[in-house]
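Computation of the quantities below employed the complete heavy-atom set of this structure, encompassing side-chain atoms and omitting hydrogens, waters and symmetry-equivalent molecules. All figures in this text were calculated on a predicted structure; none of them were measured in a lab.
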Amino acid sequence: MTLPNFRSTWLQTAGRLRRDEAGALTTFGLYICAAMAIVGGIAIDYQNLMTVRAQLQVTADAVAHAALYNRETMDPDDAKEAAIALVQSTQPNAKYGDVLLPDDIIFGTYDIADDKFYADPNGTEAVLVSTARLLERGNPVIGHLMQFVGFDTFDVRTNSIFVTYQPPCFREGFVAEDVVDIQSNNAFYNGFCIHSNTYVSVNSNNFFEPGSVVSMPDTTLLDLPNSGFETNEGLRQALRNGVYRLRLLNRINHEIDEIMTFGSERMPAYINGPLVHALHGKQIKASDLVQNAYNRITCNGNSITITPDVPLQNMVVHTPCEVTFGNGTVLDNTIFITTATHQDYAVKGSHIQVGRDDNCADDGGSIIISKGGMTFASNLKAYGAQLLALGNIEFAANADGIEGASFISGMTISGTSNMTMGFCGGGMDHTLQADYFRLAL
């Protein structure tokens with residue numbers, strides 16, 4: 001019997017194992033698997049951080065807009081409190097901790113040119129809002145797979161700045177919720193704006209200087225005659241798409257109350273005291289109205305006529321009646337308000353001058369406010385003038401607004417022919433404005 005040669009067998013087996021390549025990549029595969037797990041962990045945690053950051057940014061933007069909007073009618077603390085309440089619906093404290101604290105809302109001003117925010121506790125022009133999930137607040141973002149390489153938590157902070165602005169169309173131009181209808185032989189100069197939230201209708205032989213604007217939600221809705229672009233010089237270049245909420249008209253009751261409240265921000269500087277001068281009748285002489293005072297007119301029936309024996313100067317006039325201005329009426333540093341609601345004829349007249357003809361000087365501008373409409377038969381002259389109507393605004397031939405005109409209607413604006421409208425720039429400082437809000441950062 002021959003005994004096996006164990007040494008030879010072992011050497012043969014070892015040789016076979018040395019030459020066998022099966023499983024050679026197992027160790028390398030383990031390294032690859034570990035690296036992929038690390039990269040995957042980074043990707044998952046990074047995606048989670050970006051999601052959290054996006055949520056915080058949306059919250060900061062919403063709170064900034066709400067805080068600045070509320071600041072119009074609230075003191076700073078109440079505006080902050082109202083804005084913070086929004087956070088509870090999207091990122092409640094019970095789940096996300098204190099992502100926003102009162103000190104994270106800062107009112108102030110913003111210099112767009114220098115890209116700098118300046119804090120002012122009583123500011124109304126801008127707001128800076130910061131939202132955060134921080135370790136120091138006890139609400140950091142928890143790492144998932146990154147915990148295994150020493151990153152347990154992450155701090156995330158976002159900022160948002162909202163500012164107020166006034167669209168140029170509301171400063172000087174025609175703005176209507178419904179159609180703006182312009183007939184023939186009119187001229188609109190650099191800076192003047194025509195806007196409708198429905199569409200604009202233009203007839204022939206009008207001139208639009210470069211820099212003028214004609215806007216509506218969709219410029220393809222522009223109503224033109226055949227060859228309308230050929231017969232309306234500059235119109236094609238003036239077209240813009242856009243929509244505006246008519247905030248000033250939406251808050252017209254508030255604006256009227258503010259104007260009639262002594263000591264309010266809307267009270268004109270030329271009003272000397274809170275006493276109201278009361279008149280009653282159907283025919284009112286302009287000389288019967290008191291300068292530097294509030295005047296209230298009640299009427300026999302539902303209408304009054306103003307006889308223009310003198311200019312209406314340095315006064316506020318309020319009436320619930322429909323108003324007819326006699327030929328030659330001049331409003332100079334005057335606000336005239338009627339709460340009559342006839343959509344066409346709450347205010348009417350012919351050969352009316354609204355504002356002082358002073359080549360765009362700061363003083364002398366005037367305002368007519370109507371809860372109904374306005375119609376002017378001919379020769380409406382606007383010098384630093386603002387017409388605000390919940391109803392229609394209609395004016396016939398020879399309107400002149402080259403020294404500043406702002407017409408805002410909750411219905412339609414209709415102008416016929418031979419009008420000249422331009423951008424004044426100055427002389428419109430005392431017109432009513434409603435702030436609009438936009439994201440600056």
Side-chain heavy-atom pair Asp77, Glu81 within 4.5 angstrom cut-off = no
Note: His342 and Tyr345 closest approach over all heavy atoms is ND1-N, 3.0 Å
Answer yes or no: is there an ion pair linking Glu72 with Arg251, defined by an N-O contact shorter than 4.0 Å?
-> yes
Working for side chain to side chain donor-acceptor pair (under 3.5 Å), residues Asn186 and Asn418 = CA-CA 5 Å; Asn186 304 295; Asn418 301 317; over 6 Å; no
Heavy atoms from other residues, nucleotides or ligands near CG of Asn226 exceed 12 (cutoff 6.0 Å) | no
Ser378 and Asn398: side-chain donor and acceptor closer than 3.5 Å?
-> no
If we only count heavy atoms from C-beta on, is the Leu439 to Ile161 side-chain gap below 4.5 Å?
-> no
Look at the rings of Phe188 and Phe208 and say which category their plane angle falls in: under 30° parallel, 30 to 60° tilted, over 60° perpendicular.
-> parallel
CD1 of Ile112 to CG of Asp115: how many Å apart, nearest 0.5 Å?
-> 9.5 Å
Closest non-hydrogen atoms of Leu312 and Thr334, given as atom of the first, atom of the second and distance, are O-OG1, 2.8 Å
Around atom CD of Glu230, are there more than 12 heavy atoms of other residues, nucleotides or ligands at under 6.0 Å?
-> yes
When you check the side-chain N and O atoms of Asp98 and Asn93, is any donor under 3.5 Å from an acceptor?
-> yes
What orientation do Tyr244 and His195 show, parallel under 30°, tilted 30 to 60°, or perpendicular over 60°?
-> perpendicular
Taking atom types as modelled and ignoring hydrogens, do the side chains of Gln57 and Asp61 form a donor-acceptor contact shorter than 3.5 angstrom?
-> yes
Check: Phe407 ring centre within less than 6.0 Å of Phe174 ring centre | yes
Decide yes or no for Ile369 and Leu432: does some side-chain heavy atom of the first lie under 4.5 Å from some side-chain heavy atom of the second?
-> yes
Minimum heavy-atom separation for Leu222 to Val200, with atom names?
-> CD1-O, 3.3 Å
How far apart are the C-alpha atoms of Ile297 and Leu289, what are their side-chain angles, what is the distance that settles it, and do they pass the side chain to side chain contact (heavy atoms under 4.5 Å, CB included) test?
-> CA-CA 9 Å; Ile297 306 173; Leu289 300 169; 3.9 Å; yes
Heavy-atom closest pair (Asn392 atom, Ser409 atom, distance to 0.1 Å) is CA-OG, 3.9 Å
CA sep, side-chain torsions, deciding dist, call: Thr375, Asp344, side chain to side chain donor-acceptor pair (under 3.5 Å) = CA-CA 6 Å; Thr375 183; Asp344 293 316; over 6 Å; no
Between Thr158 and Thr131, do the side chains contain an N or O donor and an N or O acceptor separated by less than 3.5 Å?
-> yes
Kindly check if the number of other-residue, nucleotide or ligand heavy atoms within 6.0 Å of CZ (Arg236) is above 12?
-> no
Distance only, no hydrogens: is a donor on one side chain within 3.5 Å (strictly under) of an acceptor on the other, for Lys282 and Ser303?
-> yes
Contact check, side chains of Leu380 and Leu387, non-hydrogen atoms, under 4.5 Å | yes
May I ask you to test the Ile252-Leu390 pair for a side-chain heavy-atom distance under 4.5 Å?
-> yes
Are Val354 and Ile368 close enough that some pair of their side-chain heavy atoms sits under 4.5 Å apart?
-> yes
For the side chain of Arg71 and the backbone of Gly123, is there at least one donor-acceptor N/O pair under 3.5 Å apart?
-> yes
Under 3.5 Å donor-acceptor, Asn232 side chain and Gly228 backbone = yes
Leu100 versus Thr59: any side-chain heavy-atom pair under 4.5 Å?
-> no
Can you tell me if Ser264 uses its side chain to pair, donor with acceptor, with the backbone of Glu258 under 3.5 Å?
-> yes
Does CZ in Arg137 sit with more than 12 non-hydrogen atoms of other residues, nucleotides or ligands closer than 6.0 Å?
-> yes
Over 12 foreign heavy atoms within 6.0 Å of OH, Tyr199 | no
Distance under 6.0 Å and angle within 45° of the ring axis: does Arg356 meet both against Tyr383?
-> no
Exercise: do Asn359 and Glu403 side chains pair donor with acceptor under 3.5 Å = no
Determine, stepwise, if the pair Ile105 / Ile84 fulfils side chain to side chain contact (heavy atoms under 4.5 Å, CB included).
-> CA-CA 9 Å; Ile105 302 176; Ile84 289 174; 3.8 Å; yes
Take atom CZ in Arg266; do more than 12 heavy atoms of anything else shown fall under 6.0 Å from it?
-> yes
Should Leu248 and Gln386 be marked as a side chain to side chain contact (heavy atoms under 4.5 Å, CB included) after you check the CA-CA gap, both sets of side-chain angles, and the distance that decides it?
-> CA-CA 12 Å; Leu248 189 57; Gln386 187 175 46; 3.9 Å; yes
Could you walk me through whether Ile259 and Val316 pass the side chain to side chain contact (heavy atoms under 4.5 Å, CB included) test, one step at a time?
-> CA-CA 8 Å; Ile259 292 168; Val316 172; 4.1 Å; yes
Asp218-Thr220 side chain donor-acceptor pair, cut-off 3.5 Å = yes
Quick check: does any side chain N or O of Asn205 sit under 3.5 Å from a backbone N or O of Asn185, one acting as donor and the other as acceptor?
-> no
Short question: side chain of Asp400, backbone of Ile402 - any donor-acceptor pair under 3.5 Å?
-> yes
Might you work through the side chain to side chain donor-acceptor pair (under 3.5 Å) test for Asp288 and His277, ending with a clear yes or no?
-> CA-CA 10 Å; Asp288 292 333; His277 180 64; over 6 Å; no
Answer yes or no: is there a side-chain heavy-atom contact under 4.5 Å between Phe336 and Phe325?
-> yes
For Glu209 and Asn190, the nearest pair of non-hydrogen atoms, with its separation, is OE1-N, 2.7 Å
Side-chain donor or acceptor of Thr231 paired with backbone N/O of Ser227 under 3.5 Å | yes
Distance-only donor-acceptor check, side chains Ser417 and Gln183, under 3.5 Å | no
Ignoring hydrogens and angles, state whether a donor on the side chain of Thr412 or Asp178 is under 3.5 Å from an acceptor on the partner side chain.
-> no
Can you find a side-chain donor-acceptor pair between Glu177 and Asn197 that sits under 3.5 Å?
-> yes
Using atom types as modelled and distance alone, determine if a side-chain donor or acceptor of Arg157 lies under 3.5 Å from a backbone N or O of Arg133.
-> no
State whether the side chain of Asp104 and the backbone N or O of Leu101 hold a donor-acceptor pair below 3.5 Å, judged by distance alone.
-> yes
Gap between atom CG of Leu221 and atom OG1 of Thr198 - 0.5 Å precision = 9.0 Å
Minimal heavy-atom distance between Asn139 and Ala132, with the atoms involved, is ND2-O, 3.5 Å
Are Tyr294 and Phe262 close enough that their ring centers fall under 6.0 Å?
-> no
Does a donor on one side chain sit under 3.5 Å from an acceptor on the other, for Ser287 and Asp309?
-> yes
Kindly check if the number of other-residue, nucleotide or ligand heavy atoms within 6.0 Å of CZ (Phe437) is above 12?
-> yes
Is there a donor-acceptor pair closer than 3.5 Å between any side-chain N or O of Asn295 and the backbone N or O of Ala293?
-> yes
Can any side-chain N or O of Glu394 pair as donor or acceptor with the backbone N or O of Ala396 at less than 3.5 Å?
-> no
